[in-house]
Protein chains: 2
Amino acid sequence: MVLQRIAKRTLSDEVFEQLVREIVQGRMAPGLALPAERELCETLGVNRGALREALRRLAQAGLVAIAQGGSTKVLDFRRTAGLDLLSQMLFREGGTIDLQVIRSLMEIRAALAPDIARLCARRADAALIVELLDVVDRMTPVLAADDLTTLQELSLDFWDVLVRGSDNIAYVLAFNTLRSTYDTVRVALVQVMADELRDVAACRAIAEAVGRHDDVSAKHVASALVEHGTHRMFELIAVLDRPGSTTDDSSGPGDAS
Amino acid sequence: MVLQRIAKRTLSDEVFEQLVREIVQGRMAPGLALPAERELCETLGVNRGALREALRRLAQAGLVAIAQGGSTKVLDFRRTAGLDLLSQMLFREGGTIDLQVIRSLMEIRAALAPDIARLCARRADAALIVELLDVVDRMTPVLAADDLTTLQELSLDFWDVLVRGSDNIAYVLAFNTLRSTYDTVRVALVQVMADELRDVAACRAIAEAVGRHDDVSAKHVASALVEHGTHRMFELIAVLDRPGSTTDDSSGPGDAS
DNA sequence: CCTGCTAACTGGTAATACCAGTTGACCATC
DNA sequence: GATGGTCAACTGGTATTACCAGTTAGCAGG
């Protein structure tokens with residue numbers, strides 16, 4: 001087993017996460033007034049400062065509205081929260097993965113990827129093209145060893161370079177959000193994404209299209225590449241949604257929760 | 001002049017915004033260690049609690065990394081921040097609008113809109129179709145009066161319904177983020193978006209395609225609709241980027257900052 | 001019934017003390 | 001010289017207390 005960093009969580013982190021779950025999972029309905037800070041911090045057993053730090057973060061995430069003099073009210077996060085909330089929505093009550101969120105993730109990825117490749121082909125400079133080909137070159141031996149986990153990392157690196165090359169700050173930031181969401185369930189998805197990850201040829205085709213500044217080809221190849229994993233994921237979801245199936249594992253190693 | 005709500009900003013809001021600007025505009029480079037909290041709060045003239053609330057929000061936004069015992073360090077927001085930061089990047093130093101951000105906004109919108117329409121056509125239920133047609137019906141008299149500002153609001157309502165109909169939480173949340181970014185500069189963009197806003201026929205075509213569950217048509221019409229405004233915006237950006245032009249006004253009324 | 005005051009909430013700010021983890025210099029040990 | 005332990009001086013984390021400031025609702029007076 002590989003050693004990993006100890007995750008240190010502060011009191012306000014705990015409070016924040018607890019309240020996010022309460023709201024996102026619907027146990028605190030929109031419009032509901034939270035208890036007063038002095039009361040709530042006593043209930044939670046933390047000092048008011050820690051609670052306030054958590055509440056401010058909730059407000060920034062668009063989950064509550066704070067008003068001096070008035071009370072802090074729960075908002076309808078479907079109308080007020082931003083994309084950064086996505087990673088908080090992955091897990092349902094009880095720790096199972098919400099397949100609707102996975103499906104959404106795959107769909108937005110499929111919508112963005114072709115345009116990222118297209119713009120990158122239009123705007124990439126020589127240095128970025130070299131960087132792109134370098135990532136693809138590093139993929140080849142890993143593919144030969146069929147090391148899917150490493151391929152997954154290289155795939156993220158590949159898209160990271162493409163996104164930077166697209167010279168579009170919205171794509172860069174959205175990619176960061178989607179990547180961190182994906183990272184949370186990465187291990188559980190290795191097998192489903194296997195076919196896409198093994199398609200290093202498509203990655204090379206994209207890199208070469210970018211090298212030729214051929215935006216049309218880059219777009220089409222990227223579209224085909226991500227449709228790969230997207231379809232596989234849809235198939236899996238169709239199967240898992242049938243029974244009351246848990247999502248603790250799909251196939252091969254990798255534990256969720 | 002229309003009266004508008006007074007924006008109440010707390011101390012931690014001010015500190016947060018000030019630090020966001022410092023980081024996003026590059027005056028605080030990635031890797032830089034912030035002064036100690038006790039020192040920084042004295043510099044800013046606020047108490048430590050207010051400063052900490054701001055720092056926690058910065059950490060959540062992916063702009064700094066806080067570590068007990070160590071120092072708080074500035075992160076590379078291009079790698080760690082999420083899409084929710086986009087609205088904070090609209091304004092450059094001096095209050096001028098960053099046209100690169102506007103371009104990015106238009107591009108991601110153009111990438112998402114067709115797929116939103118497509119999914120909505122596949123998944124919308126009867127109630128949502130009624131709602132969609134209702135928005136379009138409300139557009140017609142406003143178009144006759146050529147009231148662009150109201151058309152702009154109805155257009156946002158229209159896309160809001162479409163996004164909800166797509167039954168994709170990632171699209172819903174991303175739409176919220178993009179809408180709040182767009183809202184910040186809405187008035188300045190009325191004239192540029194005019195042609196798109198006046199194309200109520202396209203909105204109706206999308207609504208009808210959704211009503212027929214014709215996802216291919218919905219996608220294509222939506223694609224054409226948003227290309228409208230996107231191209232106009234590109235033309236404007238090409239013109240404004242030439243001289244050292246300020247972005248205080250484009251044409252007609254509407255003051256930015 | 002309406003106006004306007006007031007008291008009792010609410011969150012916002014502040015000062016202070018102490019707990020807990022990190023860092024680096026220093027030193028004994030191997 | 002390299003290693004590992006100790007300690008002091010940082011850093012952020014938590015807690016308590018007090019008071020300021022805005023909102024709300026109820027009540028007195030018109």
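Everything quoted here is computed from the prediction, not taken from an experiment. Each chain gets a letter, A, B and so on, in the order its sequence line appears, and its residues count up from 1.
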Item to check | Closest nucleotide among C/dT13, C/dA14, D/dG13 to the A/Arg48 side chain | outcome: C/dT13

Item to check | A/Leu162 and A/Cys120, any side-chain heavy atoms less than 4.5 Å apart | outcome: yes

Item to check | Integer-rounded Å distance: D/dG22 P and B/Arg9 CZ | outcome: 16 Å

Next on the checklist: Can you measure A/Arg5 atom CZ to C/dG21 atom C1' for me and round it to whole angstrom units?
Outcome noted: 13 Å

Next on the checklist: Under 4.0 Å, heavy atoms only, any strand: does A/Gly70 hit a base, just the sugar-phosphate, or nothing?
Outcome noted: sugar-phosphate

Item to check | Closest heavy-atom pair and its distance - A/Leu11, A/Ala50 | outcome: CB-CB, 4.3 Å

Next on the checklist: Quick check on the helix from C/dC1-D/dG30 to C/dC30-D/dG1: what's the angle between its two end axes, five base pairs per end, to the nearest 10°?
Outcome noted: 10°

Item to check | B/Ser71 side-chain N/O to D/dG12 phosphate OP1/OP2 under 4.0 Å | outcome: no

Next on the checklist: With nearest nucleotide decided by heavy atoms, which residue, B/Thr10 or A/Lys8, maps closer to the 5′ end of DNA chain C?
Outcome noted: B/Thr10

Checklist entry - Looking at DNA chain D, which of residues 27-45 of chain A put a heavy atom within less than 4.0 Å of it? => result A/Arg38

Item to check | Least distance between heavy atoms, B/Leu34 atom then B/Leu40 atom | outcome: CD2-CD2, 4.2 Å

Checklist entry - Would you say the side chain of A/Leu151 lies within less than 4.5 Å of the side chain of A/Met139, judging by non-hydrogen atoms? => result yes

Item to check | Partners meeting side chain to side chain donor-acceptor pair (under 3.5 Å) with B/Arg179 (sequence neighbours left out) | outcome: B/Asn176

Checklist entry - Any side-chain heavy atom of B/Arg186 within less than 4.5 Å of one from B/Gln152? => result yes

Checklist entry - Do any of residues 50-69 of chain B sit with a heavy atom less than 4.0 Å from DNA chain C, and if so which? => result B/Gln68, B/Gly69

Next on the checklist: Just so I know, are the side chains of A/Glu53 and A/Arg48 near enough to count as touching, which here means a heavy-atom distance under 4.5 Å?
Outcome noted: no

Checklist entry - Once you round it to whole Å, what is the distance between P of C/dT16 and CG of B/Asn47? => result 12 Å

Checklist outcome for this item: Closest non-hydrogen atoms of A/Ala54 and A/Val15, given as atom of the first, atom of the second and distance, are CB-CG1, 3.6 Å

Side-chain polar contacts of residues 153-161 of chain B - donor-acceptor pairs under 3.5 angstrom, sequence neighbours left out - could you list them?
unit_1	atom_1	unit_2	atom_2	d
B/Asp160	OD2	A/Arg79	NH1	3.0
B/Asp160	OD2	B/Arg164	NE	3.4

All N/O donor-acceptor pairs, side-chain side in residues 81-91 of chain A, below 3.5 Å, sequence neighbours left out:
unit_1	atom_1	unit_2	atom_2	d
A/Asp84	OD1	A/Thr177	OG1	2.9
A/Asp84	OD1	B/Leu83	N	3.2

Next on the checklist: Within the 4.5 Å heavy-atom criterion, are B/Arg78 and A/Ile169 side-chain neighbours or not?
Outcome noted: yes

